[in-house]
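Hydrogens, waters and symmetry mates are skipped; everything else that's a heavy atom, side chains included, is used. In this text the structure is predicted, and so the values were computed from the model without any measurement.
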Amino acid sequence: EKEKHRRRVHISRRNVLDLCITTAIVAVTTGASALLVKWTDSSANVTALYMLAALLVARTTEGYGWGILASVMGVFAVNYAFTDPFYKLNFTAAGYPVIFISLLLISIITSATTGSVKQQAYRSRASEQRIRRLYEFSQQLANAHDTDSMIDLTLRYLHELLGCPVLYFQNEDSLVNNQERVCGEISGFVSDSIERGAVEACFREKKAAGAGTLLAPYAMFHYIPLMSGETMLGCYGLLWKDN
């Protein structure tokens with residue numbers, strides 16, 4: 001719950017920041033456009049400035065929605081402040097609909113494309129980070145001196161990779177004696193009869209059990225058997241993030 005709350009707070013703050021960035025860039029563009037019109041006595045290049053503003057917004061904010069919003073704001077700003085009749089909205093005059101629809105479409109397409117490129121770059125960086133963590137994990141695993149060290153490394157890796165609490169039971173006796181290994185904050189789940197039933201089903205059937213399966217589906221954890229051929233070496237339990 002704390003992690004979800006922090007994520008919501010982060011998203012809320014980021015949205016406020018992106019709104020401020022969008023508003024500021026459009027406002028600065030409007031001021032620059034006013035100066036340009038004053039110096040050149042022509043508004044021919046104003047639309048290009050707002051297209052640039054939409055690209056800047058898409059580049060400096062998260063997602064592509066803000067770039068589209070900047071495009072819409074730019075269309076209204078150009079129509080209101082830089083076309084005749086000035087300081088009135090009028091999209092019906094001859095030639096205006098085509099001009100402004102073209103501006104809006106071009107800005108939206110470029111903003112959406114920029115946002116898509118940013119998302120692809122973000123996914124690429126995330127993939128690189130996962131590969132690097134996996135390589136580091138494999139190196140640590142190769143240097144482990146005993147089974148206990150390997151189990152602890154695996155628990156920590158799964159916890160860091162998935163961002164959820166992880167359990168490990170070496171056998172059914174460890175369940176009976178409450179000797180599970182834990183990585184992450186967990187309180188009292190193992191003593192719950194549903195959870196214990198899911199772990200027992202995992203060992204008995206040598207199949208995944210618990211949340212998201214047909215074996216004890218009402219459990220909070222998703223239990224995965226650790227197999228070596230036909231031999232079961234243990235059972236990992238993952239607490240789904242949405243629980």
* Verify same cluster id: L19, I21 (apolar side-chain graph, 4.5 Å) -> yes

* Side-chain heavy atoms under 4.5 angstrom apart, residues restricted to Ile, Leu, Val, Met, Phe, Trp, Tyr: same cluster for I151 and L162? -> yes

* To do: Would you check if the side chain of T23 reaches a backbone N or O of C20 as a donor-acceptor pair within less than 3.5 Å?
  => no

* Asked: Can you find a pair of side-chain heavy atoms, one from F82 and one from S33, that are under 4.5 Å apart?
  -> yes

* Euclidean distance, S127 OG relative to R125 CZ, rounded to 0.5 Å -> 12.0 Å

* Test item: Q120 and Y122 side chains (from C-beta on) under 4.5 Å apart, heavy atoms -> no

* Relative to each other, are the rings of Y87 and Y80 parallel, tilted or perpendicular (30° and 60° limits)? -> perpendicular

* Roughly how far, to the nearest 0.5 Å, is the CZ atom of R196 from the CD atom of E172? -> 10.5 Å

* Contact check, side chains of C202 and P225, non-hydrogen atoms, under 4.5 Å -> yes

* Asked: Side chains of Q140 and Y157: is there a donor and an acceptor less than 3.5 Å apart?
  -> no

* **Passing option when D18 is tested against T61, V57, L69 for side chain to side chain contact (heavy atoms under 4.5 Å, CB included)** => T61

* **Residue L214 excluded, over 12 heavy atoms near CG under 6.0 Å** => no

* Asked: Is a donor on one side and an acceptor on the other found under 3.5 Å between the side chain of N143 and the backbone of Q139?
  -> yes

* To do: State the CG-CZ distance between L155 and R181, to the nearest 0.5 angstrom.
  => 7.5 Å

* Asked: Between the side chains of T30 and Y50, does any donor sit under 3.5 Å from an acceptor?
  -> yes

* Rounded to the nearest 0.5 Å, how far apart are OG of S71 and CD1 of I109? -> 10.0 Å

* Structure fact -> Output for pair (E195 CD, M220 CE), nearest 0.5 Å, gives 7.0 Å

* So, the side chain of H222 versus the backbone of L238: is there a donor-acceptor pair under 3.5 Å, distance only? -> no

* Determine whether F221 and L215 fall in the same hydrophobic cluster, where Ile, Leu, Val, Met, Phe, Trp and Tyr are linked whenever their side-chain heavy atoms lie under 4.5 Å apart. => no

* To do: Name all residues meeting the side chain to side chain contact (heavy atoms under 4.5 Å, CB included) criterion together with L233; count only those two or more places apart in sequence or in a different chain, and write none if there are none.
  => L226, S228, T231

* Asked: In Å and rounded to the nearest 0.5 Å, what is the OH to OG1 distance from Y236 to T154?
  -> 4.0 Å

* Does any N or O in the side chain of H159 come within less than 3.5 Å of the main-chain N or O of C164, such that one atom is a donor and the other an acceptor? -> yes

* Would one find more than 12 heavy atoms of other residues, nucleotides or ligands at under 6.0 Å from atom CZ of R59? -> no

* Asked: Do Y223 and F169 come close enough that some side-chain heavy atom pair is under 4.5 Å?
  -> yes

* T60 side chain near W66 side chain, heavy-atom distance below 4.5 Å -> no

* Is a donor on one side and an acceptor on the other found under 3.5 Å between the side chain of K207 and the backbone of I224? -> no

* Indicate yes or no: at least one non-hydrogen side-chain atom of R14 is less than 4.5 angstrom from one of L17. => yes

* Which residues, ordered by chain and number, are linked to L36 in its hydrophobic cluster, where ILVMFWY side chains connect at heavy-atom gaps below 4.5 Å, directly or through other members? -> L49

